[in-house]
Each structure stands twice: as structure tokens, then as C-alpha cells.
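Written below as C-alpha cells is the structure these notes are about.
All values reported here derive from a predicted model rather than from experimental measurement. When reading the values below, keep in mind they use all heavy atoms of this one structure, side chains included, and skip hydrogens, waters and symmetry mates. Lettering follows sequence order; numbering is per chain, from 1.
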2 protein chains.
Amino acid sequence: MSPTLEEVARLASVSRSTVSRVINDHPNVRAETRERVWKAIRQSGYQPNVVARSLVTNRTQIISVIIPESVTTLFTDPFFSLLLRGTTETCNAHQYHLMLSLFTAKADRHEMYQRVLHSGYLDGAVVASTTLDDPLIPDLLHDHVPFVSIGRYPDDRVHYVDVDNVGGARMAVEHLIRLGHRRIATIAGPLSMTSGQDRLNGYQQALEARRIPIDDALIVEGDYTEPSGGVAVHQLLPAEPTAIFAASDIMAIGVLKALREAGLRVPQDISLVGFDDIPTASAVEPALTTVRQPIERIGSVAVEVLLSVLEDTPSENPTTHRLVLPTELVIRASCSAVSNG
Amino acid sequence: MSPTLEEVARLASVSRSTVSRVINDHPNVRAETRERVWKAIRQSGYQPNVVARSLVTNRTQIISVIIPESVTTLFTDPFFSLLLRGTTETCNAHQYHLMLSLFTAKADRHEMYQRVLHSGYLDGAVVASTTLDDPLIPDLLHDHVPFVSIGRYPDDRVHYVDVDNVGGARMAVEHLIRLGHRRIATIAGPLSMTSGQDRLNGYQQALEARRIPIDDALIVEGDYTEPSGGVAVHQLLPAEPTAIFAASDIMAIGVLKALREAGLRVPQDISLVGFDDIPTASAVEPALTTVRQPIERIGSVAVEVLLSVLEDTPSENPTTHRLVLPTELVIRASCSAVSNG
DNA sequence: GCGTTTCTTGGGAGCGCTCCCAAAAGTATT
DNA sequence: AATACTTTTGGGAGCGCTCCCAAGAAACGC
């Protein structure tokens, strides 16, 4: 199929080594020779065989985005599309290839882990939003696979890129407080995920800062799915909240539907804030006030961090990279001032 | 890091070749020897180096899902998430790896094509929804890269998996006709895509079957994006349609918003049908009547077809695989019988 | 028991590349 | 012009595997 180094070498009347030097931009090649070799390369349509190269360099220029079993049910969430877009874009820019590994529940986890991670194909991995009880990150640490986590992970050795979940949640709740709400409920994300914990934390901080007592009847844990939002509403309504902060837009949409069915109007009867700013957030009626996180950016930055880790000589100081990107409150139509009634 | 064949061989007091035979399930190994080798493999935690293997077999067990430049703007469409889910699932089942290649506009297309396709990493590719003027498929054909197209492609040599776009569109429009509508507009998909053409075709067929004249003022071409739905509505309203068939849910949502702004109610003033049945379709108010296509299935089947092509001995009869999966009408709340006014 | 066939095993060659070392060529220094 | 240094070039070795061939072991027939 494609010619080999040796063939190009013959064509240019030089040795294999010289062609290799030209291809790899090695400085010590006479300009004239370099010229001649390039001509031969172009003429023959030579493409280096990356597999052969990988065999000797031990580098493949492939990184993987791993989405763990525990969250594959959420995979259709636009969050992941945007994340993938950010990661691929950056991979492209750095001439890396991106492999996608969804650790679906069906497959035998262990088999899959072995096959994907010990295949020898991966230089490193980006791990998207694990739960704290997922063995994936511990396994990766144990096997010394270079990786970056999307989302905070409580271990000193883990590089991560996260968004300011605490701050974002705080902003959302402060917004509701500013509108006069005092009975503000929250549908938290899964507390097995740091994002779930952090957003709940932000909610609590905002209330405490204004000395509004925290009422456990106003806190329900969801799981970032739409039905869980609907279920949560029914648990919350008896506590008579005037506003709800849902820890994800998907859940907020579930809330919206459930409220509609219960005959309550948003925002007249109850205000609602989401989190994420997925495209649907602006499509629903009323358009959702939410906290925007730069998802595509996160993916992009995660890859950048990973590549910098990969390029580092491994011997030296093992600084852990931890980046937290800002969030932003997007005000739309789902909140109103509390009625003075 | 991982031990090599040779080391396992030493451990089991056999030769490299024998271990290779055991790993590859070659029959001619004495049961006792096989046993001993497996023990050595487990003991040493041996994992075959797939790169070395690929170098000699010329197979990588990697396939790529390529999403061409022309549609990367649509990438956040849940369509792609579902497609990816189907493809990865099937890859996993067959022990293949999946590479994701988004041909983003930013990168130099040619450079990228070369790097991705001539990297030597790919055994084959699944190409998602190209436009007809995209040079990707012609290039793949020219370079003899094994691939399967998602969506019909008018070339005898192209394997493809498609859904019954014509039939789906026909069903949608027939549904509207059954409700008494006669002035039915359509917002077509891009006519540079076969799905766009086919859905328009189905629309026309349904009308013709009922001898309803086709009025060009009731046909507008969109591009599968939400804003294009909104724009199209304004072009259509002067023609006074009582129903609109949008060739994608995303566009239908754009329509919904635009109608709302124009003070028209769905379905009382105007009925609306979409296509795709993305998750948002059921989230909007009113929930969208739409044509469901088995997106995940398509991805899964496409990979299966690709693998069967890869496993075929290339010499024999080059039958082209062409599969068309059925669509299904999902009736929700966005259509009503035409008012006798 | 011996030739013949079949099963099992070992080792050489080679996939296409990079890396290292040494030889050759070129340049500078005296 | 001879020495010392630097730059440029070629070729061997080897990455870890598979595949092929041949040799040795086992099984079979008469």
C-alpha cells in the first residue's frame, strides 16, 4: 500500500535514517539533502506507519475519553456532546487522536478496563464525571495511567478540571433570595458525585450567608435525570417552597413538567433555577434561568492538561494540576419576585 | 511495564511461539502445556502488546466514527450522542475500539483527512450523515478505506444504513391529512443531504396520494438547526398553512418558539409534526408529535455491517450492504383536527 | 518393530520504524 | 598542511509480536 521508509530512501538515494531524520525534523541534515528527501516523500505519497513508530517510541498519540458505567445513562445529556466537542477540537489541534470509551453496564467491567487501558493504545485518558464509589479512578492511579478527571476528585494525586459548582449554586440561590424568596428548595445532584455535593454546598452557603435557616424538608437528592426531578417535586411541595433550585437543567425540566401537571405556574407560583445551560434550557416555556458552565472549554482544558502531563518528564516534581473554571448566571424567564401575599 | 511474550515463555518453560498460540487460541497445543502457559500468563499479568501485534497483522481493531465538517455544527444534536452510544456498544461487544473524528472546520481538512485515515490506525470507518457535496465519501472510495455510511448515498459501491425517511415523512403528513389538514407546509432538511431530500419526497408522496396539489409556497428549506425553523415559519405564514411538517425536531422547536412569538397557538391555530424524536421533543409544551427513528440501532447496525465488511475476504463478490430501518409515528400533543372554520 | 502420518514445539525472519554508534565528510584552527 | 573538531550520513540492533518452516515427539498401521 503505502511505501516504506526504505523505499523512499532508495528513491532519494539516501539511507533510511536520513529519511527518518527529515520526517522527524531532526536538525542535522544538509539543506540540499532534506530538499531531495522531501521531494521523494511527496512523489511517493509516503505516510509514516504510525503503528511501527509507536512500537519503538512507546507513544501512540491517542488519548481516550472514558465515561464510566455509572454515568452512561446520562450520556445523551448534551453535556457529553459538548465535552466531546471540546476534547476532539483540542486533540485535533495537537495532532492527537481521540478514542471514546463508554464503560457500559452490559460489558464486563473488568474485561473492558483491561482491554481499553492495557491495550497499549493509550497514552493517557480524560475521565468524565465519575462517582466517588466508582473504582475507575483508583484503578487508574494503581496502574499509573496518566489521566485527568473532569470534576474534582478528593485525592492529591489526581489532576482535575472542574467548574466552580459551589459558586455557581451560590449565585443561583442568591438570585432567588434577591427576588425575595425565603423558602427555597433544592433538588441536589447525586451526593456520590462531587458536583452534587458542591452544588448543594453552594445552596447552603447562600442561605447561611443571609441567615436563612436550612430546612431539611426543602432538600431532596436527585440523580440528574429528568424523572428524578419530577419525583423530587412531589416530595418538596408539602414543604411549600416558593422557589426551587435544581442542580441540573435536565432535572429542572422534569420539575417543570411535574409542576405543570400539578397545576402550578412557573414563575408565577413557583420560581425555578437550573444548572448547566444545556440547549433545551432556552427551548422550554418558560425559558429556564440557569447557571452556565463552559462545558466545551472544560473538555478542551482537560485535554491540554493531560497533554502537558504526558509531555512532562515523569521523574521531576509531581505537581498536581487543578483548574476550576468560572460559572455564570443566565437569567431567563423562570423566576419572579415573590408575591407579597 | 507489562511483561513480554518471551518473558511469559520463560516462566512457563516453553517458547515464545507456544505462548502466542495459547493467546491466540490456536488448536495445536497440548492441553497440559496450554494450562501451564495460562498459569504463567495470569501470574505475570501479561497483556499482549497490541501495537506490536498490529504491526505484523496489519489490523488494529480500531474503527473510527467520522463526523464531517459540514455537520459538526449539529454535533450537539442528541442524534449524535445516541449514534455514538449505539456504535460504542457494538464495538465493545466485538472487542473493537472506537475512535471519534470530528472534522471541524477549523482544522485544515486535507491535513486532517491524511492524518486520520492514513495514520494506519484505522481498520475502517463509519461516516455519519455527510452532505452530497462533501468530498469525504469520494475520498474514502478513492483510497479504498472500508467504510459504512449512515444515511443513503447514491453510489453503488457505498455500504449504508439508513432509516426509512420517505416512509416516515409520508406517515407524518398522512397523519395531518387524516386530521383534516389540506394546507400542509413543510420545512425541509437541507437538500444537500439525502435525508433532507427523502423527507421532502415523503411529504410530496403523501400529498400526491391524496391528490392534494403541491404548493411551492408551502415548502421551505431549512438546515436542521433551530434558528432555521424560526426563519422558515416567517416565510411560510403568508401562505396560511394549517399544519407544518418540520423535517427535524430541532427545527420544529424553532417553529414552536417562533409561532409562540407570533401569537399563534399549537395545536389550536396550527398543527406541528417533527422528525427524530429527540428527548427534547417530549419536553416542550405542547409535546411534539414526531417520527421516531431508531438512532442507537442505526449506529449499532452500521458497526455490524462495517465489521462484516472487514472480516470478508476482499477478493470475492463485492456485494454492497444497504439496510433501511423502519420509522414510527409518535403521536403527542402538537396536532389537532383542523377547525371547520 | 519400523515406517508413516499427525500433533506439538522451537526458533528464524520480518513487520516499519527509531535510536545509537561509528564512519565519512566538511570546517576551523594552528 | 596537518590536526582537531563538528556536521552529516549509513547501517545495525531491536521494539514485541505473528507466521512459517522444520525438527522432535507421539500415535498409528501393518
D/dT18 phosphate, OP1 or OP2: any side-chain N/O from B/Ser20 under 4.0 angstrom?
yes
In 5'-to-3' order, the base (B), backbone-only (S) or no-contact (-) status of each nucleotide in nucleotides 6-15 of chain C, using a 4.0 angstrom heavy-atom cut-off, is --BBBBBB-B
Test side-chain hydrogen bond (donor to acceptor under 3.5 Å, both in side chains) applied to [X] - qualifying residues, sequence neighbours left out:
X: A/Thr33; answer: none
X: A/His26; answer: none
X: B/Glu6; answer: B/Arg16

Axis-to-axis angle across the helix from C/dG1-D/dC30 to C/dT30-D/dA1, five pairs each end, nearest 10 degrees, ~ 40°
Residue set satisfying side chain to side chain contact (heavy atoms under 4.5 Å, CB included) with B/Ser54, at least two apart, ordered chain then number -> A/Val51, A/Tyr121, B/Thr60
Does A/Asn24 have any side chain to side chain contact (heavy atoms under 4.5 Å, CB included) partners at least two apart in sequence or in another chain, and if so, which?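 Once residues adjacent in sequence are excluded, the partners of A/Asn24 under the side chain to side chain contact (heavy atoms under 4.5 Å, CB included) criterion are A/Ser20, A/Arg53.
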Separation of [N] [atom2] from [X] [atom1] (nearest whole Å):
X: A/Glu32; N: C/dA25; atom1: CD; atom2: P; result: 15 Å
X: B/Arg53; N: D/dG16; atom1: CZ; atom2: C1'; result: 11 Å
X: B/His26; N: D/dT18; atom1: NE2; atom2: C1'; result: 11 Å
X: A/Glu7; N: C/dG16; atom1: CD; atom2: P; result: 8 Å
X: B/Leu5; N: D/dG16; atom1: CG; atom2: C1'; result: 7 Å

Original post:
Which residues satisfy the salt bridge (charged side-chain N to carboxylate O under 4.0 Å, His left out) test with B/Arg42, sequence neighbours excluded?
Top reply: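 If we apply the salt bridge (charged side-chain N to carboxylate O under 4.0 Å, His left out) test to B/Arg42, skipping adjacent residues, there are no hits.
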Q) Heavy-atom distance under 4.5 Å between the side chains of A/Val19 and A/Val22, does that happen here? A)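 With C-beta onward as the side chain, the pair stays apart.
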Between side-chain atoms of residues 126-133 of chain B and protein atoms elsewhere (two or more places apart, or another chain), which donor-acceptor pairs fall under 3.5 Å?
residue: B/Thr131; atom: OG1; partner: B/Asp133; partner atom: OD1; Å: 2.7

